Amino acid sequence: MHSEQLRVAIYTRVSTEDQARDGFSLDAQEKRLKAYSAVRGWEVVDIYRDEGYSGRTVARPEYQRMFSEMDRWDVVLVLKMDRIHRNSVNFTHMMEVLKDNGKDFNSMMEKFDSTTAMGRFVMDIVERMAQLESEQIGERVKIGMTRKAETSSGPMGSPDPYGYTYAGGKLVVVEDEARIVRRIFDMYMDGRTMENIAAALTNANIPSKKGGAWSSQAVCTILPNPIYAGYMRWDGIVRPGTQTAIIPVETFESVNGPIS
């Protein structure tokens, strides 16, 4: 794409705190970006101005309008990267959206320009750094959850399973559903398949957890879950839980083998 063909969307933003800082008014940003576009031979198709909005959120009317009109422009131009985002996750997501739609990004003061080969190289590095940050956060969360699983007897924060509901941060038995859980185990021990059990429950007009028909997969999530025998399992770690058991341990182990 040749520079003279580029259609530019100028984006300016000022928060309440920024308004007192010299050079960061919307008019000042707009003036510098228009001059920059003229030097580059770019056509300014619109100017999007968000006044009094934080850069840590994407809930900005002009920002949203700009991305709803992507067919009008080829490149987003800002004075500084923090004018459009102060959140690395949101910035990375924006760059992915631009890339997927064949659009470019230019930050005048940081020389961050995805219309050039060097700019695209820098963008790739930024994306990789954001990915690294995301993976490191995931690793820290997993370490924390593993530690909790090893030392705590409470729930791990997963959605409440069929037969239970959360009350005061604890799993409490829902007796109507608990009766169905016991029935599922009984039917399976009688030799019925998961498909047959699901069909029987559906034909009896018994709603699943989500209120619809039962599936063999829904039955399969119940039978091997030690939560019904009073245990908790997370990432291979099984330990006694604080919830009331719905079925005896012996029943669970007759279906699944020893709890481990």
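In this text, all values refer to a predicted model and were calculated from it rather than measured experimentally.
Between the Y164 side chain and the T244 main chain, a donor and an acceptor come within less than 3.5 Å of each other. Although no hydrogens or angles enter the test, the distance criterion places a donor-acceptor pair under 3.5 Å between the side chain of S68 and the main chain of R65. A donor-acceptor pair under 3.5 Å is absent between the side-chain atoms of R7 and the main chain of V75, judged by distance alone. Checked by atom type and distance alone, the side chain of N196 never pairs as donor or acceptor with a backbone atom of R192 at under 3.5 Å. In this structure a side-chain-to-backbone donor-acceptor pair under 3.5 Å is present from Q243 to Y231. Between the side chain of N256 and the backbone N or O of L223 there is at least one donor-acceptor pair closer than 3.5 Å. One N or O on the side chain of S107 and one on the backbone of M81 form a donor-acceptor pair closer than 3.5 Å. The backbone N or O of M70 lies less than 3.5 Å from a partner atom in the side chain of K103, making a donor-acceptor pair. Put simply, the side chain of D46 never gets that close to the backbone of I10: no donor and acceptor are under 3.5 Å apart. One N or O on the side chain of T202 and one on the backbone of A198 form a donor-acceptor pair closer than 3.5 Å.
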F91 vs M94, side chain to side chain contact (heavy atoms under 4.5 Å, CB included): CA-CA, chis, key distance, verdict: CA-CA 5 Å; F91 179 79; M94 179 196 73; 3.7 Å; yes

CA sep, side-chain torsions, deciding dist, call: I246, R182, side chain to side chain contact (heavy atoms under 4.5 Å, CB included): CA-CA 7 Å; I246 290 177; R182 298 184 191 104; 3.9 Å; yes

Working for side chain to side chain contact (heavy atoms under 4.5 Å, CB included), residues E177 and T165: CA-CA 10 Å; E177 294 181 358; T165 188; over 6 Å; no

Criterion side chain to side chain contact (heavy atoms under 4.5 Å, CB included) on V45 and V8, from CA distance to verdict: CA-CA 6 Å; V45 297; V8 179; 5.9 Å; no

Pair R40-Y36, side chain to side chain donor-acceptor pair (under 3.5 Å): steps then yes or no: CA-CA 6 Å; R40 299 289 295 267; Y36 180 78; 2.6 Å; yes

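Y11 has its ring centre no less than 6.0 Å from the ring centre of W73.
If you run side-chain hydrogen bond (donor to acceptor under 3.5 Å, both in side chains) between Y48 and each of E62, R13, E69, only E69 comes through.
Follow the hydrophobic side-chain contacts under 4.5 Å out from V255 and you reach W214 in the same cluster.
Around CD of Q217, the count of heavy atoms belonging to other residues, nucleotides or ligands within 6.0 Å does not exceed 12.
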